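Working notes, structure below.
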Amino acid sequence: MRPEPNKDATIEHMAQPHLPLTARPRRNRRTSAIRNLVRETDLNAAHLVLPLFVHQSADEPISAMPGVHRWSREGLLNEVTRCSKLGIQAVVLFEATADELKTSTGDEAHNPNGLIPQTVTAIKSSLPETVVITDVALDPYSSDGHDGIVNPDGTIANDATVEVLCRQALAHASAGADIVAPSDMMDGRVGAIRQALDQQGYNNVGICAYTAKYASAFYGPFRGALDSAPRLGDKKTYQMDPANAREALRELELDIAEGTDMVMVKPAGPYLDVIQRFADASVVPVAAYQVSGEYLMIKAAAASGWLDEQTAIIETLTSIQRAGADIIFTYFAAQAATILNQQNP
Ligand code: PBG
């Protein structure tokens with residue numbers, strides 16, 4: 001017996017007269033199974049990195065980032081456990097430092113018993129498989145709110161900062177970090193950190209460089225979360241001008257020559273062209289960071305009923321991957337993993 005023809009197909013077949021087309025791209029979109037078969041970009045939780053905030057007090061929601069918390073150490077461990085069950089294998093840690101610990105030289109950044117080293121050790125001892133990435137930069141620890149040490153004349157002391165960053169990376173490595181991620185944009189920091197790590201025997205600790213980090217308005221909610229906004233001036237003498245893409249390739253060349261294991265573009269959504277250039281030019285994996293402001297835009301629009309949150313999350317992450325990102329840092333990591341698990345149980 002002949003199978004019942006599919007109703008839609010019958011309608012198309014009967015629609016006469018028809019255009020003399022040999023190519024009908026819609027044929028590859030006809031059913032969900034065909035769409036799955038031809039999908040070029042397949043988002044999955046293994047490529048997502050969840051940023052987490054830790055502080056010295058109790059768990060606390062962050063008002064400018066609905067759904068995101070400043071965790072206590074125990075709260076953070078529970079969150080990592082919950083997320084690893086969803087398929088999230090990697091986290092990046094940020095500290096909201098108590099005001100009294102902030103100094104102009106950001107010394108708390110390399111305290112071997114500081115909150116980040118303690119948290120790294122705690123995660124690695126209870127969930128050793130989790131990839132623990134740490135942020136290397138001075139802003140959470142700086143009384144000036146800058147990623148580097150501020151000279152008396154207001155300029156940023158590049159080389160003195162790099163020395164402190166090396167100590168910070170070593171404190172993270174000795175606590176068990178898998179990857180250190182310098183987000184400061186000082187010149188020469190990747191090479192210096194690589195050398196410092198190797199000299200101390202941490203040749204297995206990787207570097208994920210924030211290679212093209214733009215001076216962006218989209219970091220606003222993050223700075224609120226850490227209370228880390230610059231007290232004076234802005235970050236335009238070290239973070240890149242949003243107008244430039246060729247310059248990102250120069251940073252890429254340097255970071256690769258200095259031995260980085262991964263390169264990052266940040267923010268992600270507004271810089272898809274830069275991600276694509278990196279994907280074309282880079283011999284190391286490309287990461288992209290969907291930052292706090294990108295997160296907030298979707299959350300705020302969804303909360304007001306103007307956007308469908310789940311669809312917007314998957315669409316933005318898929319677009320970042322389609323542009324060429326191998327790894328995506330996103331506050332939506334756990335939520336995206338939940339959505340993806342529901343779509344492909
Ligand atoms: C600072 C740092 C920033 C972010 C990550 N590391 C902010 C900044 O440069 O001011 C932003 C992350 C986000 O907005 O989600 N070293």
Side-chain angles (χ1 to χ4, degrees), residues 48-54 62-70 91-97 102 106 108-110 116 133-150 156 158 161-162 164-165 168-169 172 179-186 189-190 193 207-242 251 262-271 287-300 313 316-317 320 325 327-333:
L48 303 179
V49 179
L50 176 66
L52 292 168
F53 300 108
V54 62
I62 298 171
S63 58
M65 298 181 70
V68 178
H69 294 77
R70 272 180 291 258
V91 296
V92 60
L93 304 179
F94 297 97
E95 172 173 355
T97 315
K102 297 187 182 190
E108 180 62 16
H110 52 84
I116 292 292
I133 306 174
T134 56
D135 192 72
V136 173
L138 300 188
D139 50 322
Y141 309 96
S142 153
S143 45
D144 297 305
H146 275 286
D147 292 31
I149 298 168
V150 183
I156 302 292
N158 189 92
T161 298
V162 170
V164 184
L165 298 175
Q168 186 181 17
H172 297 172
I179 297 172
V180 294
S183 69
D184 56 288
M185 290 299 280
M186 295 302 118
R189 91 283 206 207
V190 171
I193 290 172
I207 299 178
C208 173
Y210 286 62
T211 297
K213 178 171 179 180
Y214 287 90
S216 171
F218 294 102
Y219 306 149
F222 174 98
R223 292 177 188 172
L226 294 192
D227 185 26
S228 64
R231 305 297 181 252
L232 270 182
D234 53 42
K235 299 191 176 184
K236 291 180 185 167
T237 69
Y238 43 105
Q239 298 180 348
M240 282 183 53
D241 183 342
E251 292 282 4
M262 302 167 186
V263 291
M264 189 197 287
V265 176
K266 179 184 178 184
Y271 297 88
Y289 197 140
Q290 184 181 50
V291 300
S292 57
E294 299 178 79
Y295 174 85
L296 180 63
M297 283 198 298
I298 292 176
K299 281 288 179 188
I313 292 171
T316 52
L317 295 175
I320 293 163
I327 304 156
I328 306 175
F329 288 56
T330 173
Y331 302 95
F332 286 124

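Position 1 is the first residue of the sequence, and the numbers go up from there. Since the model is a prediction, treat every value here as computed from it, not as a measurement. When a ligand or atom number is given, it counts from 1 through the structure's own listing order. Atoms considered below: every heavy atom in the structure, side chains included; atoms not considered: hydrogens, waters and symmetry mates.
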Donor + acceptor pair across side chains of Tyr210, Asp184 (<3.5 Å): no
Are Tyr141 and Gln168 linked by a side-chain donor-acceptor pair shorter than 3.5 Å? no
Less than 4.5 Å apart, side chain to side chain, heavy atoms only: is that true for Phe94 and Leu52? no
Salt bridge flag under 4.0 Å for residues Asp139 and Arg223: no
Salt bridge flag under 4.0 Å for residues Asp241 and Lys236: no
Residue contacts for ligand 1, heavy atom to ligand atom, distance under 4.0 Å: Phe94, Asp135, Ala137, Asp139, Asp147, Ser183, Lys213, Phe218, Tyr219, Phe222, Arg223, Lys235, Gln239, Lys266, Tyr289, Val291, Ser292, Tyr331
Tell me every residue that passes side-chain contact (heavy atoms from CB on, under 4.5 Å) with Val291, counting only those two or more places apart in sequence or in another chain. Phe218, Tyr219, Lys266, Pro267, Tyr289, Glu294
